[in-house]
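See structure below.
Since we're looking at a predicted model, the values are computed, not measured. Counting begins at 1 with the first residue of the sequence.
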Amino acid sequence: MKETVHVAGTGGGAGPDLAELLKEVARGDQDAFAAVYDQVAGPVLGLVRSVLRDPAQSEEVTQEVLVEVWRTAAHFQPDKGSAMSWVMTFAHRRAVDRVRSAQAATDREQRAALLDQTPAFDEVTEAVEARLEREQVRRCMRTLTELQRQSVTLAYYRGLTYREVAELLAQPLGTVKTRLRDGLIRLRDCLGVTA
């Protein structure tokens, strides 16, 4: 039997068929495995490459498939299908597993990147609270008289002194101080701030 195996391994078409070779491989015959390799390596690589598209990964997966054939040759059952179909099923499954594994890794990396980009809960809470407070301040500012609103804006948002506010608004210093005090009291009450 081994002599005909060598003939098949040299590329001659008269050697034993793949199913017979797999029986020999199941018994640990390395020459039979060399013949199996010669018959299936090309088709396996072609199928794997059509799934993976990456030459280096395709060669790696093809090697894994051939090792699997060596390890599991005893499980081949000729009554359930051809030997080539059995080998090609290994190849297809292994290639698809590699694609899924790569996709899962990519998905994990994307999720990790998103988590890194997602602000911490405290940051989100603070941003929402600050926005709500700004909206409430704007709403309360609309309840002030024009002079009060201008005085508060110039003094507290632009950082001007009372005297600078009075000069800018062309109002007496005492009037600006009074309007600022009244405006701040009105804001305090509107915002619900306790003294």
ask   = Hey, is the main chain of Asp97 close enough, under 3.5 Å, to the side chain of Ser101 for a donor-acceptor pair?
value = no
query = Any chain of hydrophobic side-chain contacts (each under 4.5 Å) joining Leu18 to Phe90?
reply = yes
task = For Leu173 and Ala166, work out which heavy atoms get closest and say how close.
result = CA-CB, 3.9 Å
inquiry  = Testing the basics here: between Met88 and Pro43, what is the closest heavy-atom pair and its distance to 0.1 Å?
reply    = CE-O, 3.3 Å
ask   = Can you check whether Leu147's main-chain N or O pairs, donor with acceptor, with Gln150's side chain at less than 3.5 Å?
value = no
ask   = Under the 3.5 angstrom rule, does the side chain of Arg186 hit a backbone N or O of Thr143 as a donor-acceptor pair?
value = yes
query = Okay, side chain of Arg149, backbone of Met141: is any donor-acceptor separation there less than 3.5 Å?
reply = yes
request  = Inspect the surroundings of CD in Glu164 and state if more than 12 heavy atoms from other residues, nucleotides or ligands are less than 6.0 Å away.
outcome  = yes
Distance-minimising heavy-atom pair for Val25 and Ala32 = CG2-C, 3.7 Å
request  = Under the side-chain contact (heavy atoms from CB on, under 4.5 Å) rule, what do Leu22 and Val69 come out as? Steps first, then yes or no, please.
outcome  = CA-CA 8 Å; Leu22 285 175; Val69 168; 3.8 Å; yes
note = Tightest non-hydrogen contact, residues Val87 and Val65, listed as O-CG1, 4.2 Å
key: Pair listing, salt bridge (charged side-chain N to carboxylate O under 4.0 Å, His left out) test, anchored in residues 58-72, at least two apart   = Glu60-Arg98, Glu64-Arg94, Glu64-Arg98, Glu68-Arg71, Glu68-Arg94
request  = Decide if atom CD of Gln136 counts as having more than 12 heavy atoms of other residues, nucleotides or ligands within a radius under 6.0 Å.
outcome  = yes
Arg131: salt bridge (Lys or Arg N to Asp or Glu O under 4.0 Å) partners, not counting sequence neighbours = none
Non-neighbouring partners of Arg181 that pass salt bridge (Lys or Arg N to Asp or Glu O under 4.0 Å), sequence neighbours left out = none
